Amino acid sequence: MNNYLETNINTPIGITCIKGSNDGIISISVIEDGIVSVNHPKELQLAVDQLGEYFLGERTIFTFPIIPEGTPFQQEVWKALRNIPYGTTTSYLELSRTLGDEKAIRAVASANGKNPLWIVIPCHRVIGKDGSLTGYAGGLWRKRWLLEHENPPFQQSLF
């Protein structure tokens with residue numbers, strides 16, 4: 001078992017724990033209880049910086065290396081999730097079709113729910129085929145926040 005470094009950062013939707021090593025980031029997750037780190041390991045600093053830029057609205061793509069652990073099928077689903085463009089959504093059915101088997105919708109949803117890299121592998125961009133917000137490990141209010149952050153509602157000018 002590898003010993004991974006970790007650090008906690010404050011975000012607009014809660015404290016986020018980043019775990020990784022020199023090889024890359026293994027997980028990013030929201031935690032309910034935790035203390036924000038004062039200093040971040042240098043191996044995790046790029047992820048800390050890029051997540052900060054994301055929340056400031058200055059970044060739409062992450063470039064730090066990731067090394068999520070999962071089954072070959074989960075890896076395939078997570079790769080497909082990374083192809084969902086910033087500011088857009090897809091349905092579980094469409095994602096299943098993209099992967100070549102629309103009957104695998106439950107397996108795709110399960111793999112989506114086991115995503116270890118919150119935001120970077122954008123599972124929040126997957127919604128119900130009717131447009132509903134369905135299942136999100138971090139809570140539906142966070143999913144809504146992330147989707148609105150990436151695609152803010154159009155505000156018409158009053159003048």
Side-chain angles (χ1 to χ4, degrees), residues 4 6-20 24-34 36-37 40 44 46-102 104-155:
Y4 292 104
E6 72 178 66
T7 195
N8 295 338
I9 62 171
N10 197 21
T11 73
I13 53 178
I15 297 174
T16 298
C17 180
I18 303 168
K19 294 180 184 175
I25 303 301
I26 189 169
S27 73
I28 297 173
S29 59
V30 66
I31 56 176
E32 295 304 322
D33 295 313
V36 175
S37 303
H40 308 293
L44 308 180
L46 185 58
V48 168
D49 293 344
Q50 289 188 10
L51 282 166
E53 292 164 0
Y54 169 86
F55 282 110
L56 289 172
E58 300 170 352
R59 175 169 293 277
T60 60
I61 296 172
F62 298 97
T63 60
F64 53 84
I66 61 172
I67 48 173
E69 295 177 347
T71 67
F73 179 76
Q74 289 170 336
Q75 297 283 348
E76 186 180 354
V77 171
W78 299 337
K79 184 177 178 184
L81 289 170
R82 292 195 75 199
N83 291 326
I84 303 169
Y86 181 93
T88 65
T89 58
T90 192
S91 69
Y92 290 100
L93 180 60
E94 285 303 314
L95 187 57
S96 298
R97 287 179 179 153
T98 298
L99 291 165
D101 184 1
E102 72 179 50
I105 190 168
R106 289 184 189 268
V108 167
S110 176
N112 195 48
K114 290 182 172 74
N115 169 19
L117 286 157
W118 184 59
I119 299 174
V120 176
I121 297 177
C123 58
H124 61 277
R125 296 180 189 153
V126 183
I127 59 175
K129 69 179 179 180
D130 63 357
S132 63
L133 297 185
T134 57
Y136 189 65
L140 289 181
W141 74 269
R142 286 187 177 102
K143 183 172 189 166
R144 176 176 283 109
W145 192 97
L146 290 166
L147 292 173
E148 288 176 357
H149 174 71
E150 293 184 2
N151 195 9
F154 176 73
Q155 174 124 5

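Note that these values count all heavy atoms, side chains included, but never hydrogens, waters or copies made by symmetry. Computed from a predicted model, the values in this text were never measured in an experiment. For reference, positions follow the sequence shown, starting with 1.
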Would you say the side chain of [Y] lies within less than 4.5 Å of the side chain of [X], judging by non-hydrogen atoms?
X	Y	result
L51	D49	no
I18	V48	yes
T16	I28	yes
T98	N83	no
P68	I26	no

To the nearest 0.5 Å, tell me how far [X] [atom1] sits from [Y] [atom2].
X	Y	atom1	atom2	answer
N151	R125	CG	CZ	10.5 Å
I67	K19	CD1	NZ	13.0 Å
L146	F55	CG	CZ	6.0 Å
I25	I66	CD1	CD1	9.5 Å
I61	E53	CD1	CD	12.5 Å
S110	N115	OG	CG	12.0 Å

Under 3.5 Å donor-acceptor pairs involving side-chain atoms of residues 85-96, not counting sequence neighbours:
residue: T88; atom: OG1; partner: P85; partner atom: O; Å: 2.6
residue: S91; atom: OG; partner: L93; partner atom: N; Å: 3.4
residue: S91; atom: OG; partner: E94; partner atom: N; Å: 2.9
residue: Y92; atom: OH; partner: N112; partner atom: ND2; Å: 3.4
residue: E94; atom: OE2; partner: R97; partner atom: NH1; Å: 2.8
residue: S96; atom: OG; partner: Y92; partner atom: O; Å: 2.9

Which of these, E150, R142, K143, sits in a side-chain hydrogen bond (donor to acceptor under 3.5 Å, both in side chains) with H124?
E150

So, using ring pair (Phe, Tyr, Trp, His ring centres under 6.0 Å) as the criterion, who are the partners of W78 when residues are at least two apart?
none

Who pairs with F64 by ring pair (Phe, Tyr, Trp, His ring centres under 6.0 Å), at least two apart in sequence or on another chain?
F62

Nearest heavy atoms of [X] and [Y], plus distance in Å:
X	Y	answer
D130	S132	OD1-OG, 2.7 Å
L81	P122	O-CG, 3.2 Å
T63	Q50	OG1-NE2, 2.6 Å
F73	A107	CE2-O, 3.5 Å
I15	G34	CD1-O, 3.0 Å
E6	C17	OE2-SG, 3.6 Å

Taking atom CG of L56 as the centre, does the number of heavy atoms from other residues, nucleotides or ligands within less than 6.0 Å exceed 12?
yes

Any side-chain to backbone donor/acceptor pair from Q75 onto P72? Under 3.5 Å, distance only.
no

Given 3.5 Å as the limit, does a donor-acceptor pair link the side chain of S37 with the main chain of H40, or not?
no

